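To start, the structure itself, in structure tokens.
Keep in mind the model is a prediction, meaning the values are calculated, not measured. In this chain, numbering begins with 1 at the start of the sequence shown.
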Amino acid sequence: MQDDTINIFGLQRLEQIKKRPDIISRIRFDVTPQMIMEPRFTETGELKKRDLSGCFFYIETEGEKPVLMLMRVSKGDTVKTIGIIEELPEDMIQRAMENPVHPPVHGMYAITDEIKDWLKENLNL
């Protein structure tokens with residue numbers, strides 16, 4: 001039942017993501033939730049020049065339990081969550097939340113180097 005529920009929302013799982021070169025080629029480990037959520041304009045009203053487009057991982061804490069998610073960011077900064085990685089060991093998520101690399105933003109935590117390494121290994125990057 002859970003698989004059907006997830007698929008209704010179009011979320012890709014680890015095994016599906018591995019088979020999607022259009023996603024794999026766009027994964028960015030240099031983008032964080034903090035970067036996505038920061039204002040697009042300066043205090044003087046000028047548009048900040050930045051290119052955050054691609055796909056990035058973050059830890060979502062708004063559900064029943066924290067989970068690793070994959071978000072796609074378009075060139076125009078439109079965002080959409082496109083993946084869920086349930087295979088990541090829970091202790092890695094807990095360590096990332098207990099010792100965040102950046103303060104969380106809207107319940108979203110940046111991933112740690114430990115999680116990056118796990119993803120690279122499990123996505124064959």
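F29 is connected to I82 through a chain of hydrophobic side-chain contacts under 4.5 Å among Ile, Leu, Val, Met, Phe, Trp and Tyr, so both are in one cluster. In the hydrophobic clustering of ILVMFWY residues, with side-chain heavy atoms under 4.5 Å counting as a link, I36 and I111 come out apart. I93 and L14 fall within the same hydrophobic cluster, defined by Ile, Leu, Val, Met, Phe, Trp and Tyr side-chain heavy atoms under 4.5 Å apart, directly or through other members. In the hydrophobic clustering of ILVMFWY residues, with side-chain heavy atoms under 4.5 Å counting as a link, I23 and L11 come out apart. Each of V105 and M97 belongs to its own hydrophobic cluster when Ile, Leu, Val, Met, Phe, Trp and Tyr are linked at side-chain heavy-atom distances under 4.5 angstrom.
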Where do Q12 and L70 land on the side-chain contact (heavy atoms from CB on, under 4.5 Å) test, with the steps shown first?
CA-CA 9 Å; Q12 302 288 304; L70 178 63; over 6 Å; no

Could you walk me through whether I115 and Y109 pass the side-chain contact (heavy atoms from CB on, under 4.5 Å) test, one step at a time?
CA-CA 12 Å; I115 294 173; Y109 285 77; over 6 Å; no

Run V73 and V31 through side-chain contact (heavy atoms from CB on, under 4.5 Å) and show every step you take.
CA-CA 10 Å; V73 181; V31 177; 5.5 Å; no

Could you walk me through whether S53 and R26 pass the side-chain contact (heavy atoms from CB on, under 4.5 Å) check?
CA-CA 8 Å; S53 63; R26 300 192 70 217; 3.9 Å; yes

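L52 CG to R28 CZ: the interatomic distance, rounded to the nearest 0.5 Å, is 6.0 Å. Put simply, CG on N122 and CG on N124 are 8.0 Å apart, with the number rounded to the nearest 0.5 Å. Atom CE in M108 sits 6.5 Å away from atom CD in E60 (nearest 0.5 Å). Atoms CE and CG, on M92 and L119 in that order, are 9.0 Å from each other to the nearest 0.5 Å. To the nearest 0.5 Å, atoms CZ (R72) and CD1 (I27) are separated by 12.5 Å.
Minimum heavy-atom separation, M69 to I84: SD-CG1, 3.7 Å. For the pair P66 and Q94, the tightest heavy-atom approach, listed with the atom from each and the gap, is CG-NE2, 4.2 Å. In terms of heavy atoms, H106 sits closest to E62 at O-OE2, 3.9 Å. Looking at every heavy atom in both residues, A110 comes nearest to V101 through CB-CG2, 3.5 Å. For the pair K18 and L123, the tightest heavy-atom approach, listed with the atom from each and the gap, is CG-CD2, 3.6 Å. The nearest pair of heavy atoms linking I59 to A96 is CD1-CB, 3.5 Å.
Looking only at distances, a side-chain donor or acceptor of Q34 sits under 3.5 Å from a matching main-chain atom of P103. Proximity of a side-chain donor or acceptor of Q16 to a complementary backbone N or O of R13 within less than 3.5 Å is detected.
Between K120 and D117 there is no salt bridge, since no side-chain nitrogen of the basic residue lies less than 4.0 Å from a carboxylate oxygen of the acidic one.
Pairs of residues two or more places apart, or lying in two chains, that qualify as salt bridge (charged side-chain N to carboxylate O under 4.0 Å, His left out) and include a residue from residues 95-112 are D91-R95, R95-E114.
Here Y58 pairs with F56 under the ring-ring contact (aromatic ring centres under 6.0 Å, His included) rule; sequence neighbours left out.
By the neighbour-count criterion of 12 heavy atoms within 6.0 Å, atom CD of E87 is densely surrounded, having more than that number from other residues, nucleotides or ligands.
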